[in-house]
Amino acid sequence: MSSPQTPDADRAAEQAGRLALVTGAGRGIGAAVVDALAARGARVLATDLDAGSVGQVAARHPDGQVTARRLDVTDAAAVEALVADAEDTLGPLDTAVNVAGILRTSPVLDLDDTDWADTFAVNTGGVLHVSRSVARRMTGRRRGSIVTVASNAAGIPRAGMAAYAASKAATVMFTKCLGLEVAAYGVRCNTVCPGSTLTDMQRGMWERSGADAASAERAVVEGDLAAHRTGIPLGRIADPADIADAVAFLASDRARHITLHDLYVDGGATLRA
Ligand SMILES: NC(=O)c1ccc[n+]([C@@H]2O[C@H](COP(=O)([O-])OP(=O)(O)OC[C@H]3O[C@@H](n4cnc5c(N)ncnc54)[C@H](O)[C@@H]3O)[C@@H](O)[C@H]2O)c1
């Protein structure tokens, strides 16, 4: 039985009284981040390009705890307008979590310029727009936490993923540079780098390869040395909640002395060599 001193009880109140903005919150990891922060007591402004899906995520929470809004993170003016409106109507943002991302796979020799530009527009430009907008306000209040979901592809070369991996590596370094600039104002900036995680993004990649889901998942876990992939040492693919837990930790006061950090949540897939 839990008492007020147990970790579970502490966790339930960890984000009490706080307001968090989450992008890419309509499904997958973003939706899990909304659930994780709400379970810890935060009010959440859940945003996504797809208004319908993020509305469904908000609907599974009690009245008023999660507000859903459509947001295209590539649109800097729309980001600024949403953040300004959120602060006017909901209050000061304590936390921002950049989750919105896209994956376009192709060998570099066939890489389409539009795929390259779109990938950077969402995965890197979107993170700039949201982080800059919230950091301007957080620095004035001398508190706040920004967590960006990048990818373990930022730290290891992957065939067929050059645009994605390069965009995520840029995003990790952008977040560290921002973190350095705002540290004096008590604002923390960290990244979470997931490995393969069971979401529509992962399933889409399997579908395009023509493999059935079960054998594709097994191949991810076991690895493929011909493709220079070592597999996942912990022997399982991540659930979105595994990533969301790491995000919630970095957003919390338990991580109050952690900034400019890059937390890999990939079951050891990149060997962190
Ligand atoms: N699933 C994985 O294996 C994996 C691994 C490493 C990193 N990641 C990263 O985690 C994040 C979430 O991935 P996921 O697997 O949940 O993906 P997903 O495709 O299931 O969900 C991504 C969400 O982002 C939204 N989105 C896309 N473009 C947007 C835009 N311009 N503005 C706002 N929202 C937009 C989509 O509508 C969608 O709801 C991404 O940044 C992804 O790169 C995922």
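Order of appearance sets the numbers: ligands from 1, and atoms from 1 within every ligand. Worth saying up front: this structure is predicted, and the values here are computed from it rather than measured.
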message = So for ligand 1, is Val73 a polar contact partner (N or O within less than 3.5 Å, distance only)?
response = yes
query = To the nearest 0.1 Å, how far is atom 34 (N) of ligand 1 from its closest protein heavy atom, and which atom is that?
reply = Leu49 N, 3.3 Å
task = Kindly identify the option in Ser151, Ala154, Ala238, Ala150 whose heavy atom sits closest to atom 9 (C) of ligand 1.
result = Ala150
ask   = Among Val33, Val149, Asp48, which residue places a heavy atom closest to atom 25 (C) of ligand 1?
value = Asp48
task = Could you walk me through whether Ser131 and Asn98 pass side-chain hydrogen bond (donor to acceptor under 3.5 Å, both in side chains), step by step?
result = CA-CA 8 Å; Ser131 304; Asn98 292 296; 3.1 Å; yes
query = In terms of side-chain heavy atoms, does Ser133 have a donor or acceptor partner in Arg137 at a distance below 3.5 Å?
reply = yes
key: Thr270 side chain to Asp266 side chain, donor-acceptor N/O pair below 3.5 angstrom   = yes
inquiry  = Need the ligand 1 atom indices (1-based, order shown) with element for anything under 4.0 Å from a heavy-atom of Leu71.
reply    = 32 (N), 33 (C)
request  = Would you check if the side chain of Arg70 reaches a backbone N or O of Leu49 as a donor-acceptor pair within less than 3.5 Å?
outcome  = yes
message = So for ligand 1, is Ser196 a polar contact partner (N or O within less than 3.5 Å, distance only)?
response = no
ask   = Touching ligand 1 at all, Lys168? Heavy atoms, strictly under 4.0 Å?
value = yes
message = For atom 19 (O) of ligand 1, what's the nearest protein heavy-atom neighbour? Residue, atom name and distance, please.
response = Arg27 NH2, 2.7 Å
task = Apply the test salt bridge (Lys or Arg N to Asp or Glu O under 4.0 Å) to residues Arg60 and Asp35: give CA-CA distance (whole Å), side-chain angles for both, the deciding distance (0.1 Å), then the verdict.
result = CA-CA 9 Å; Arg60 58 191 192 218; Asp35 292 344; 2.9 Å; yes
ask   = Short N/O distance, under 3.5 Å, between Asp50 and ligand 1?
value = no
query = Counting distance only, does the side-chain N/O of Arg142 pair as donor-acceptor with the main-chain N or O of Ala184 below 3.5 Å?
reply = yes
ask   = Which residue and non-hydrogen atom of the protein lie closest to atom 17 (O) of ligand 1, and at what distance in Å?
value = Met201 CB, 3.5 Å
query = Side chains of Thr191 and Thr148: is there a donor and an acceptor less than 3.5 Å apart?
reply = no
query = Does Thr23 come within less than 4.0 Å of ligand 1, judged by its heavy atoms?
reply = no
inquiry  = For Met173, I'd like to know if atom CE has over 12 heavy atoms of other residues, nucleotides or ligands within 6.0 Å.
reply    = no
key: Residue, atom name and distance, where the atom is the protein heavy atom closest to atom 24 (O) of ligand 1   = Gly24 CA, 3.6 Å
key: Distance from atom 43 (O) of ligand 1 to nearest protein heavy atom, with residue and atom   = Tyr164 OH, 2.5 Å
request  = For ligand 1, indicate whether the residue Ile102 contacts it via side chain, backbone, both or neither (heavy-atom separation under 4.0 Å).
outcome  = side chain
Polar proximity ligand 1 side, Gly28 side, N/O cut 3.5 Å exclusive = no
Results of side-chain contact (heavy atoms from CB on, under 4.5 Å) for Ala238 - residues two or more places apart only = Thr197, Asp242, Ile243
request  = Return a yes/no value for Asn152: is any of its N or O atoms, backbone included, closer than 3.5 angstrom to an N or O of ligand 1?
outcome  = no
message = Evaluate Asp72 for polar contact with ligand 1, using N/O atom pairs at a separation under 3.5 Å.
response = yes
key: For Gln202, the ligand 1 atoms whose distance to one of its heavy atoms is below 4.0 Å   = 2 (C), 3 (O)
query = Got an N/O contact under 3.5 Å between Ser53 and ligand 1?
reply = no
query = Does anything in residues 207-223 pair up under salt bridge (Lys or Arg N to Asp or Glu O under 4.0 Å), and if so which pairs, sequence neighbours excluded?
reply = none
remark   = For atom 16 (O) of ligand 1, the closest protein heavy atom turns out to be Ile29 N, 2.8 Å
ask   = Just which atoms of ligand 1 are under 4.0 Å from any heavy atom in Val99?
value = 11 (C), 12 (C), 40 (C), 41 (O)
query = Are any side-chain N or O atoms of Arg40 and backbone N or O atoms of Ala36, one a donor and one an acceptor, separated by less than 3.5 Å?
reply = yes
key: Under 3.5 Å: N/O of Thr199 near N/O of ligand 1   = yes
key: Whether Asp50 side chain and Ser53 backbone form a donor-acceptor pair below 3.5 Å   = yes
query = Between Arg158 and Ala227, is there a donor-acceptor pair closer than 3.5 Å when you use the side chain of the first and the backbone of the second?
reply = no
ask   = Counting heavy atoms only, which of Val122, Asp118, Thr197, Val127 is nearest atom 2 (C) of ligand 1?
value = Thr197
note = A student checking ligand 1 against Ala100 at a 4.0 Å heavy-atom cut-off should list atoms 24 (O), 33 (C), 34 (N), 35 (C), 41 (O)
Ionic contact status for Asp94 with Arg18, cut-off 4.0 Å = no
request  = Assess whether side-chain hydrogen bond (donor to acceptor under 3.5 Å, both in side chains) is satisfied between Asp75 and His129, documenting all intermediate values.
outcome  = CA-CA 8 Å; Asp75 182 342; His129 298 151; over 6 Å; no
ask   = What atoms of ligand 1 come closer than 4.0 angstrom to any heavy atom of Asp200?
value = 20 (O)
task = Measure from the side-chain N and O atoms of Asp224 to the backbone N and O of Arg229, and report whether any donor-acceptor pair falls under 3.5 Å.
result = no
ask   = With a 4.0 Å cut-off on heavy atoms, is Gly204 touching ligand 1?
value = no
ask   = Looking only at N/O atoms, are Gly30 and ligand 1 under 3.5 Å apart anywhere?
value = no
